[in-house]
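These notes are about the structure you will find just below.
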Amino acid sequence: MSTRRPTRRPVPAGVRAHWFILLAVLCSIAAALLVQGYMHHLAGISDDSAPAAGPASTVPKSVSGGGPVVDSRGGAVRAVRPPERTLALTFDDGPDPVWTPRILDVLRKHHVHATFFLVGSAAIDNPELVKRIVAEGHEIGVHTLTHADLGNAPQWRRQLEVQGAQKVITGITGQAASLLRPPYSSGNDAINDGTWAAMQDLADDGYLSVFSTLDSKDWQRPGVAAIEQRLASPGRDGQVVLMHDGGGDREETVAALDSTLSRWADQGYKVTTVGAAVGIGSMRPASAPEQLSGTAFVWGIRLSDFVVTAISWALIVAGVVTLARAVLVVGFAARHSRMARRLRASGRGRRRVDVAVRPEVTEPVTVIVPAYNEAAGIEAAVRSIAASTHPLEIIVVDDGSTDGTADLVEALALPRVTVIRKANGGKPSALNAGLEAATHGLVVMVDGDTVFEPGTVHALIQPFADPAVGAVSGNTKVVNRGGVLGAWQHIEYVVGFNLDRRLFDLAECMPTVPGAIGAFRREALLGVGGVSEDTLAEDTDLTMSLCRDGWRVVYQDDARAWTEAPATLGALWRQRYRWCYGTLQAMWKHRRAIVQGGAAGKLGRRGLGYLLVLQVLLPLFAPVVDVFALYGLFFLDPVRIAALWLGFLLVQFLMAAYAFRLDKEPLRPLWALPLQQFVYRQLMYVVVIHSLVTAVAGLHLRWHRMERYGSLRVPPAAHRES
């Protein structure tokens, strides 16, 4: 591979900063997911059955046997109950968009006020109902943020649950509440040591705990008559009545409440709020800092809800796109393979769907090999090309090598091999020098780290039987496929060349003829001005230029070339970074193809669209997918998340297996596919992100020369019959 000599220069601060931006974005998304998971999945509103009773050795008798309103602020313990024939009516677990409005209507009908102990997560979802409760003169109390059991929660969670719910109330209403009802509580005699410890902690923050003395048990949904029966005879003592406006179907509650309030009025009971019943003011205007903090808390949770909702929809879209791509590429690959088999069986050249079979192409070919410091593999590359069964000339363009590359080629003393020495100018200039010296109308370009099979050149040029074809992509294979990294790249190459490239061929939108193996009409190359130096992906840029100039670019699956792949993650990163950056440059350079007609329009709307969605946008979204998967394992059903991941992996495996079958490759390397999803895929999307930021920043990336390992050879399996 010809390259400019790499030069070291400091990385601009803007490029380094984008990693911090990416990290900040991922941390923000993770935070949103954590908030969403905590608010909606770690706990949740369920029935109000009391948890299993625990020891109560630390609970004072004045509390366990006292009134339902417990005040332990300042260390002194007072437990009071409403006066005789006074009923403090309370509702838990709301607000609910269906049942709370109906309960409010019943209360307004009977001119009764009540205390609503709100769950913070439900209040955020229904802020207008919270405002209506306050506007109609009702009292609000805290029922925690997510309906968590405070008696079994650590201190940090108690504070989060209660203070979080308080911030929600403050942010929505502008008022602060001092009444607290622990979820899953009943009467004072059920208070255990854990609940008492929580009550004492929260008393220091100014909260009074409210329990019940008359439980309607409407959460059991026993029927309207049963609820009415439980509330029918409150007795002379003052009571704190427990009902529910949220947490489930409350149709029975609404019906029973209406009839019960009429009965209590007839019996002469006073029905009011907890604060009014015991003679305290339980709500106060919040201070400006409290309102600001509460508003920020509410909007922060709403923002997290929005982010998670957006991610969920994006995941659905990404899943649909992924499945659609799988069906599309497999379907097109199957059709392409059938066409190729029929053509090879006929012993003739390639034909388009609408063109008759044409004669075999036998004219001689010029093979151009650009080389810069390719001493490790140039001998194997040139020998393999010289052994071709097709008549050809070989032009090796030494692009200012310092390792004796040209000397090694000349020492081979092979016929039909010419060496051109020139000053280092980069791969495009080397290719153009070879193109100028070429004596034949068909030109094959091959990297200096690539070897051919004897029949590769002949197979590669057969599509030129169609005069509309201007360039042909061959099938690049990985030589050094041992180890995990080699297996990953082997899988990637086989899938890319045997699925995506077949799709591009039939859709007439081939975006790249790879530098490792490509054939061109010399007149087509000269017509677009030769190989451009505008981008780092000169092969992609050249292919797109040919498409926009009206030429067909096709894929020949049985024209195989064997190349060295990077053997370290660092080398792989540098290679893929350059490829991706150069592809982005080429896409931007040829963006106007989207609005053009003919072959250019097919490239623009099909090829560039495919690259944009599947090689830019989806990789950009991939980190979010991984973060969401972790979120699902912790907060959703881990079995379902694992099943979805396994389903995705199965689709990938089936696609890869089909690609391997098309290429007549053994399936053994597919053992590395699951690991590829955990490491290799992440590396690739980081490459895309880094390349995109570099491109947007307008920075010029220099060539990174890949290290050579001297492993070039034509594997014995390569000589199999196609």
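Every value quoted in this text rests on a predicted model; they were computed, and no experiment measured them.
Using modelled atom types and a 3.5 Å distance limit, the side chains of D215 and S212 yield no donor-acceptor pair. No hydrogens or angles considered: a donor-acceptor pair under 3.5 Å links the side chains of T90 and R181. When only modelled atom types and interatomic distance are considered, H244 and D218 share a side-chain donor-acceptor pair under 3.5 Å. Using modelled atom types, one finds a donor on one side chain and an acceptor on the other under 3.5 Å when comparing T146 with E161.
Applying the side chain to side chain donor-acceptor pair (under 3.5 Å) test to pairs two or more places apart or on separate chains, those with a residue in residues 64-77 are D71-R73, D71-R78. For residues 91-114, every residue pair satisfying the ring-ring contact (aromatic ring centres under 6.0 Å, His included) rule, not counting sequence neighbours, is listed here: F91-F116, H113-H138. Legend: salt bridge (charged side-chain N to carboxylate O under 4.0 Å, His left out) pairs involving residues 221-248, not counting sequence neighbours, sorted by first then second residue: E84-R236. Residue pairs that meet the salt bridge (charged side-chain N to carboxylate O under 4.0 Å, His left out) test with at least one member in residues 612-632, sequence neighbours left out, are D626-R681.
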Name the atoms and distances for all side-chain donor-acceptor pairs under 3.5 Å in residues 292-304, with sequence neighbours left out.
{"residue": "S293", "atom": "OG", "partner": "K167", "partner atom": "NZ", "Å": "2.6"}
{"residue": "T295", "atom": "OG1", "partner": "Q291", "partner atom": "O", "Å": "2.8"}
{"residue": "S304", "atom": "OG", "partner": "I301", "partner atom": "O", "Å": "2.6"}

May I have the list of side-chain donor-acceptor pairs in residues 636-648 shorter than 3.5 Å, sequence neighbours left out?
{"residue": "D637", "atom": "OD1", "partner": "V639", "partner atom": "N", "Å": "3.1"}

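Residues that satisfy the ring pair (Phe, Tyr, Trp, His ring centres under 6.0 Å) test with Y685, not counting sequence neighbours, are absent from this structure. For E252, the salt bridge (Lys or Arg N to Asp or Glu O under 4.0 Å) criterion is met by no residue, not counting sequence neighbours. Not counting sequence neighbours, F621 has no partner by the ring pair (Phe, Tyr, Trp, His ring centres under 6.0 Å) test. Under the salt bridge (Lys or Arg N to Asp or Glu O under 4.0 Å) criterion, E136 pairs with R108, R132, not counting sequence neighbours. Legend: residues meeting salt bridge (Lys or Arg N to Asp or Glu O under 4.0 Å) with R158, ordered by chain and number and at least two apart, are D201. Scanning for salt bridge (Lys or Arg N to Asp or Glu O under 4.0 Å) contacts around E492 gives R576, with sequence neighbours left out.
With values rounded to the nearest 0.5 angstrom, I133 atom CD1 is found 12.5 Å from K131 atom NZ. Going from atom CG of L231 over to atom OG1 of T260 covers 5.0 Å, rounded to the nearest 0.5 Å. Within the model, atoms CZ of F117 and CD1 of I140 stand 11.0 Å from one another, a figure rounded to the nearest 0.5 Å. The NE2 atom of H143 sits 11.5 Å away from the CD1 atom of I169 when rounded to the nearest 0.5 Å. Taking CG of L650 as the reference point, atom CG of L673 lies at 10.5 Å (rounded to 0.5 Å). We find the CD1-CG distance between I280 and L179 to be 5.0 Å, quoted to the nearest 0.5 Å.
Remark: the backbone N or O of V119 is not paired with any side-chain donor or acceptor of D93 at under 3.5 angstrom. Q676 places a side-chain N or O within 3.5 Å of a backbone atom of W488 that can act as its donor or acceptor partner. Remark: the backbone N or O of V142 is not paired with any side-chain donor or acceptor of Y207 at under 3.5 angstrom.
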Report the C-alpha distance between R250 and D96 in whole Å, list the side-chain angles of each, state the deciding distance to 0.1 Å, and finish with yes or no for salt bridge (charged side-chain N to carboxylate O under 4.0 Å, His left out). CA-CA 10 Å; R250 301 303 177 211; D96 182 275; over 6 Å; no
Go through it in stages, so that I can follow the logic: the residues are I491 and V495, the test is side chain to side chain contact (heavy atoms under 4.5 Å, CB included), and I'd like the CA-CA distance, side-chain angles, deciding distance and then a yes or no. CA-CA 6 Å; I491 294 170; V495 171; 4.2 Å; yes
Could you go through V134 and Q175, starting from their C-alpha distance and side-chain angles, then the distance that decides it, and tell me whether this counts as side chain to side chain contact (heavy atoms under 4.5 Å, CB included)? CA-CA 9 Å; V134 174; Q175 298 190 53; 3.4 Å; yes
Stepwise, does the side chain to side chain donor-acceptor pair (under 3.5 Å) test hold for D205 with Q166? CA-CA 11 Å; D205 296 323; Q166 181 72 271; over 6 Å; no
Quick one, L150 with T195, criterion side chain to side chain contact (heavy atoms under 4.5 Å, CB included). Give me CA distance, side-chain angles, the key distance, then yes/no. CA-CA 6 Å; L150 298 179; T195 304; over 6 Å; no
As a quick check of understanding, evaluate side chain to side chain donor-acceptor pair (under 3.5 Å) for T100 and N126, giving each step before the final call. CA-CA 10 Å; T100 301; N126 304 282; over 6 Å; no
Working for side chain to side chain contact (heavy atoms under 4.5 Å, CB included), residues L569 and L485: CA-CA 8 Å; L569 285 176; L485 189 59; 3.9 Å; yes
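At a threshold of 4.5 Å between non-hydrogen side-chain atoms, the residues W156 and L160 count as touching.
Here the closest heavy-atom approach between residue T213 and residue Q239 is recorded as OG1-OE1, 2.6 Å. Closest heavy-atom contact between A177 and G141: CB-CA, 4.4 Å.
Between H147 and Y184, the ring-plane angle classifies as perpendicular under the 30° and 60° cut-offs.
By the 6.0 Å contact criterion, CD on Q220 is enclosed, its count of non-hydrogen atoms from other residues, nucleotides or ligands being greater than 12.
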